[in-house]
Amino acid sequence: MSNSNRNLKRIQSSLVWRYRAEKAFRWCGVVAVALGLLAVLALFSDIIIKGKGAFFATYMQFEVTYDQELLGIDNFADDQQLIIADWESLYKSALRADFPDVRKRADKRKLYALVSDGTGYDLKARLLADPKLLGQSEIIWLLADDDIDTYFKTLLDGNAYTARLTDNQVEWLEQLDGTERMRLQFNANFFNRGDSREPEQAGIKGAVIGSLLTLVLTLILSFPIGIAAAIYLEEFAPKNRWTEFIEVNINNLAAVPSIIFGLLGLAIFINFFHIPRSIPVIGGLVLAVMTLPTIIITSRAAITSVPPSIREAALGMGASRNQMVLHHVLPLALPGILTGAIIGMARALGETAPLLMIGMVAFIADIPGSFTEPATVLPVQIFLWADSPERAFIEKTSAAIMVLLSFLILMNISAVWLRKRLERRW
Amino acid sequence: MQKTATLDADDMADSSIKSSVKVTNANPLDITDEHVTVGSYEVNNAKMSIKNVNVYYGDKQAIFDVSVDIGKNEVIAMIGPSGCGKSTFLRALNRMNDTVDGCRVEGDIRMDGQDLYSPKLDVVELRARVGMVFQKPNPFPKSIYDNVAYGPKIHGLADTRVDLDEMVERSLRRASLWDEVKDRLYQAGTGLSGGQQQRLCIARAIAVSPEVILMDEPCSALDPIATARIEELIEELSQNFTIAIVTHSMQQAARVSQRTAYFHLGKLIEVNPTEQVFTMPEHALTESYITGRFG
């Protein structure tokens, strides 16, 4: 009796300890999760705060006259005329009309610098789309230069950034703003233009299309090869030293730094096979090689997790190995395989380093139209913009990160959705 | 030991069991390397005939020199303590052991005189002729209909959809599952109860009309009522099929089988009519086992 009493006391005293340890452990977990969430929150809010400005651009209102004599155009079918025409004179004359006091050459240049360098082309496009405007004049909102854009956005925030503007320019701008002729508009250019040296003209579309083309190719190459390799290794290959060797190598490849794959692509695909650089084909090839190990490993894990009883049932019914795999193992492993593939694709979408090696880091203003046109991809675009000196690229960089992140989140959600959708219980 | 199995005198005569040489050992519980199976391991109308079979897992030998015949339309039960090799032996009969890495089968296994391990034999065809029911019910994660229709489909047994429907219905009826599932043929087979799932697996196995059905502890995961239903089913099926059943339960062996084979440490100790095994076993080891001295 006394013996069991003593045991009970000991158990009770140890219980205090155990509960304390458990509580401490739980708190550690909560703190860890909270720190993680905080980091994500800080990252996201920083990006959103910095990047939200990129979705709006400053426009200024002017009256533009499409003067036929100024342009020297009488026939829209004559390409030569269109090329020679002084399109910039359209907005320059509009600016001069508004600020007639500006006489000096240097001051005029500063005045013209208020609107974007690309305005001449924009007005040309507008006139070509609607030739009836020739000889007419209209009141129109013109895209402001990036420095003006920065000035106006900071002005709205209460602390105008004027370091890159002259006193004259600030004066003109205050005049325009005072007459309600400056405003922020949704920046459609950001979504339907390619890269540009001018921040206000730069858009993400080229990089998005480049990423899309590259990823399509990556998927087409790595998905079937990866699944075939996984099925063969898991279901058909004899278990011997060779397959073990291959397995170890695949696992190692998955851990190889991605830039090595870029060097591989440079050495083999470009230098040996002479595939042109900078095009989605080479990017897709390199990323496919990089993604293959991931897809093989996740597919193998998914295939292994199919219960052996299902395999036995199929074989016991007289199914051939092939039928067993195609009718039973693959459908059951598919959710896992797809999840792995999407996660692999998401990694490929976010990959920069190997693409630097194969020339996809070039400045490409045109939106790629096929697999063989020079292109860049989203993460590389971010890298390029982050590297640019213009202040206005800061918000473009963050906005591009937001676009990339939303694609990644979309892919991960679709992975979860697919898994839920296709999962079958047994 | 209560005897519940009914052994027909006709069955006995039909099998015309031969008696074998009885070996006497100094210590009856020792089995030597030269152990010879006692009892009636040969029958006249053998469906399957197993001679001197050894099975190895890598270097380890799991089955030692087993010889036994399985008569046409008989139910033969295999009993023995855990790890005695009875499942391994059963899986040698439809070459399911081929799927196990490092497993090697030596000896001579014939069905209707045809060597099952001949390189000319197609294992897919063999498994269509020798069906198997596993320990844990393992229906495919598909509909009940698709489960039963799978065998006929892959072997191309049904010409039309109507044929297939008939086959499915017939198989489910023979597995006495039809009445319970006829209204939900297109629901998942995995949604059935354990006993129903096992009967579904039996229906799936008999859908391709095999000649032999191997059952590897088919009731070990089931409750007594489900077990009783499966046992009834085995009795009905034995009219058309040859059945070899591995079981942990001696009562079950007694209830369903005509002959019982006792395995011990990979050796086949004794094969005799079930009644005899459970009333007056020839070998001392068998007697120890059925009286519960080990196992």
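Labels below follow one simple rule: chain letters A, B, ... track the order of the sequence lines, proteins then strands, and each chain is numbered from 1.
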Checklist line | Side chain, backbone, both or neither of B/V124 within contact of chain A (heavy atoms, under 4.5 Å) | finding: both
Margin query: How long is the straight-line distance from CD of A/Q323 back to CD1 of B/I154, given to the nearest 0.5 Å?
Written below: 5.0 Å
Notebook entry, point to check: If you measure from NZ on B/K142 to NE2 on A/H328, what distance do you get to the nearest 0.5 Å?
Noted result: 5.0 Å
Check: Does any heavy atom of chain B fall under 4.5 Å from the side chain of A/R311, the backbone, both, or neither of them?
Finding: neither
Next item on the list: Might you confirm whether atom CG of B/D59 has over 12 heavy atoms from other residues, nucleotides or ligands at distances under 6.0 Å?
Entry: no
Next item on the list: Run the ring-centre check on B/Y150 versus A/H327 and record whether the distance is less than 6.0 Å.
Entry: yes
Check: Which atom pair, heavy atoms only, marks the closest approach of B/F140 to A/A313?
Finding: CE2-CB, 3.7 Å
Check: Tell me, do A/M317 and B/R204 make a side-chain contact under 4.5 Å, heavy atoms counted?
Finding: yes
Note to self: Taking OH in B/Y186 as the centre, count heavy atoms belonging to other residues, nucleotides or ligands within less than 6.0 Å. Is the count above 12?
What the structure shows: yes
Next item on the list: Determine, for A/E312 against B/R91, whether the closest basic-nitrogen to carboxylate-oxygen distance falls under 4.0 angstrom.
Entry: yes
Margin query: Just checking A/F407: does its CZ atom have more than 12 heavy atoms from other residues, nucleotides or ligands closer to it than 6.0 angstrom?
Written below: no
Next item on the list: Mind ranking A/A319, A/P238, A/S320 by heavy-atom pairs under 4.5 Å with chain B and telling me who comes out on top?
Entry: A/A319
Check: A/I310 versus B/P141: any side-chain heavy-atom pair under 4.5 Å?
Finding: yes
Next item on the list: May I ask you to test the A/R321-B/T99 pair for a side-chain heavy-atom distance under 4.5 Å?
Entry: yes
Item checked: Contact leader toward chain A among B/R95, B/M96, B/E125, where contacts are heavy-atom pairs under 4.5 Å -> B/M96
